[in-house]
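In each ligand, atom 1 is the first atom listed, and ligand 1 is the first ligand listed.
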Amino acid sequence: MVDEALHDVAIIGGGVIGCTLAHELSRYQLRVAVLERATDVGFGTSKANSGIIHGGHQSAPGTLKGSLEWLGNQMWGDLCDELGFGFARVGALTVALTEADLPALDRLTQHAHDKGVPGVQRWDREQVLRAEPRLTPDLVAAVHAPTTAVINPYEACFGLAERAARSGADIRTDCRVVSMGHSGDTWAIATSDGEVRARFVLNAAGVHAGAIAQMAGLDRYRVRARKGEEYLLDKRLRGLVSRIIYPCPSPTSKGTLVIPTYDGTIMIGPTADEVDDPEDVATTASGAARVIAAAKRLVPGISERDVIAEFAGIRAVLDDEDFRIGPTDAAGFFDVAGIQSPGLTAAPAIAVMVVGLLRAAGLELAPRPGGLAEVERPIHFAALPIIEQQRLAAVDRRFGQIVCRCETVTEAEIHGAIERGARTLDGLKFRTRAGMGRCQGGFCTSRCMELLARDLGVSLAQITKRGGGSWLVVEHGDPGMVGGADPVRGLGGAS
Ligand SMILES: Cc1cc2nc3c(=O)[nH]c(=O)nc-3n(C[C@H](O)[C@H](O)[C@H](O)COP(=O)(O)OP(=O)(O)OC[C@H]3O[C@@H](n4cnc5c(N)ncnc54)[C@H](O)[C@@H]3O)c2cc1C
């Protein structure tokens, strides 16, 4: 009899690291499980970051994150071609605002030289201002990196997890790991959704990796939480800058950036503040003031009045500021910990590295016949030429029904997202952009809830923003009422 609970590899955490690990392992004939406590993959730090695939020259060579940054950078383009998530190599400028910043520029070009990152060059003031005329005229010089890219990080997580699942991986959401024990060559992992057993366990729990390591009997490191607040500006500022603008970095942070996101908004941030609570994703007045002041130093035309949304994410930081990846003293239990920035960039390279370490530890890797399963690329109606939009609307009337007016998201895309696994408003938002525009869901939230309720066969009161207790309405009397006379339970924090 097949033991349904027995897996070759259990991955704890379904962030971008867990998703790239599952995707990479799904190339082989293995039983792989991802155990994620949230309602969807990518709902931790992996959805709350700057969305940059760093150019390869940011982290110092000689560190693990330095080598994996450049390797990962080179892998995202192919993954995007295969899975169809948002990705564009827009390039970056790291700007020196004073003569004292110039040695930092030299360090970046030296990193690029040492790692073989092509095209990274010093630009003088005139060249910079010709390319980016909205930058401060006070700048001294900059380093240009054509290899830097922007990505939709949550779309990437969904795409990777979906293809891993279609290739046989068991992706379990709402599945919190609570304890584990080892006996013989098997780990028994107790979760909120029953027991999972596995020969190998990969600890990819982000800022909670320390707690998971303790469950495995390891007490070797403390993961510090370093919060980063980000602020999104109105889309009317599209084109303000066309490359990512970095200040010169400090030893612990790349500083506050001005980022032209893949979707055409400008984002500014992040901060870098140590916090005691790893769940503290509140934005703050002080964070907003610091981000806006720092962004204005680079691009003086930015105004606090343009902020339409804000969020914060938590970096998982180890004392040596590097990634920790590899086997531990607990047989079969591997660290994939301390994955702070550039963790998103490095993720595909981390996955390849971990698969190599598992092979070295005795995991047999027989290629999956036929390779990874094909997945259909999601349709983004707003990005299509009008002729293609008309064709789609003619074959499926739901493409003619606009649900989110700010981002031009159609009813067909909402249904498609639910078919692909969206269960919450955030799940819809991050798959389709419904609710991400200027009005921040003011018009489309109730319609999205109705479509979710209808497709999932549940009542409106069961729809949540992001799972758990984040309900949006209570149901008494008229169960079909959204907001209105019924008390709204609250959206529970920043978007
Ligand atoms: C503000 C900010 C900006 C950043 N910008 C960039 C950038 O531009 N480029 C870049 O390369 N990197 C960036 N980073 C870093 C990058 O976001 C992270 O390195 C990456 O997201 C880490 O992914 P992860 O999968 O390790 O963590 P997470 O996404 O946090 O995933 C860990 C998962 O583990 C789950 N989990 C925790 N405990 C349990 C449990 N007991 N049971 C089950 N599941 C559990 C969590 O719910 C979570 O989903 C940024 C980080 C921040 C905070």
At under 4.0 Å between heavy atoms, is it the side chain or the backbone of [X] that contacts ligand 1, or both, or neither?
X: C175; result: backbone
X: P270; result: side chain
X: E229; result: neither
X: A312; result: neither
X: A48; result: backbone
X: I212; result: side chain
X: E230; result: side chain
X: I314; result: backbone

Geometric N/O contact [X] with ligand 1, under 3.5 angstrom:
X: I53; answer: no
X: L344; answer: yes
X: I17; answer: yes

Under a 4.0 angstrom heavy-atom cut-off, which atoms of ligand 1 come close to [X]?
X: G343; value: 11 (O), 12 (N), 19 (O)
X: G313; value: 53 (C)
X: T345; value: 9 (N), 10 (C), 11 (O)
X: P342; value: 10 (C), 11 (O), 12 (N)
X: R315; value: 51 (C), 52 (C), 53 (C)
X: G228; value: 1 (C)
X: L35; value: 43 (C), 44 (N)
X: G13; value: 33 (C), 34 (O), 35 (C)

Looking only at atom types and distance, does a side-chain atom of [X] sit under 3.5 Å from a main-chain N or O of [Y], one as donor and one as acceptor?
X: S192; Y: R176; answer: yes
X: R89; Y: T147; answer: yes
X: W187; Y: V9; answer: no
X: D306; Y: I302; answer: no

Task: Option from E310, E229, R290 for which side chain to side chain donor-acceptor pair (under 3.5 Å) with T284 holds - done: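 Exactly one pass, corresponding to E229.
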Open item on the list: Applying the side chain to side chain donor-acceptor pair (under 3.5 Å) criterion to S59, which one of H111, E69, K115 satisfies it?
Closed with: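 It is E69; the other options fail the test.
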Would you say the side chains of [X] and [Y] form a donor-acceptor pair under 3.5 Å?
X: E82; Y: H23; answer: no
X: Q121; Y: T109; answer: no
X: H208; Y: E279; answer: yes

- [ ] Could you tell me whether K235 and E407 make a salt bridge, using a distance below 4.0 angstrom between a side-chain N and a carboxylate O?
- [x]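 Answer for the salt bridge query: yes.
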TODO: Answer yes when K465 and D426 have at least one side-chain N-carboxylate O distance shorter than 4.0 Å, and no when they do not.
DONE: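 Looking at D426 together with K465, the answer is yes, because their closest N to O distance falls below 4.0 Å.
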For [atom], find the nearest protein heavy atom and state the residue, atom name and distance (0.1 Å precision).
atom: atom 41 (N) of ligand 1; value: V177 O, 3.1 Å
atom: atom 27 (O) of ligand 1; value: G206 CA, 3.9 Å
atom: atom 19 (O) of ligand 1; value: I339 O, 2.6 Å
atom: atom 30 (O) of ligand 1; value: T45 N, 3.1 Å
atom: atom 5 (N) of ligand 1; value: S50 N, 3.1 Å
atom: atom 4 (C) of ligand 1; value: N49 CB, 3.1 Å
atom: atom 9 (N) of ligand 1; value: I52 O, 2.8 Å
atom: atom 49 (O) of ligand 1; value: E36 OE1, 2.6 Å

TODO: Would you name the heavy atoms of L21 and A204 that are closest together and state the gap between them?
DONE: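 Residues L21 and A204, closest heavy atoms: CD1-CB, 4.2 Å.
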Open item on the list: If you take the nearest heavy atom of each of S341, G15, G14, which one is closest to atom 13 (C) of ligand 1?
Closed with: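 Among S341, G15, G14, the closest heavy atom to atom 13 (C) of ligand 1 belongs to S341.
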- [ ] For the pair H144 and W123, name the ring-plane relationship: parallel under 30°, tilted 30 to 60°, perpendicular over 60°.
- [x]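 H144 vs W123 ring planes: parallel.
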Open item on the list: Here's a test for you: under salt bridge (Lys or Arg N to Asp or Glu O under 4.0 Å), which of R377, R420, R431 qualifies with E162?
Closed with: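 The option that passes is R420.
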Task: Distance, nearest 0.5 Å, that separates CD1 of I52 from CE of M267 - done: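 Spacing of CD1 (I52) from CE (M267) equals 7.0 Å.
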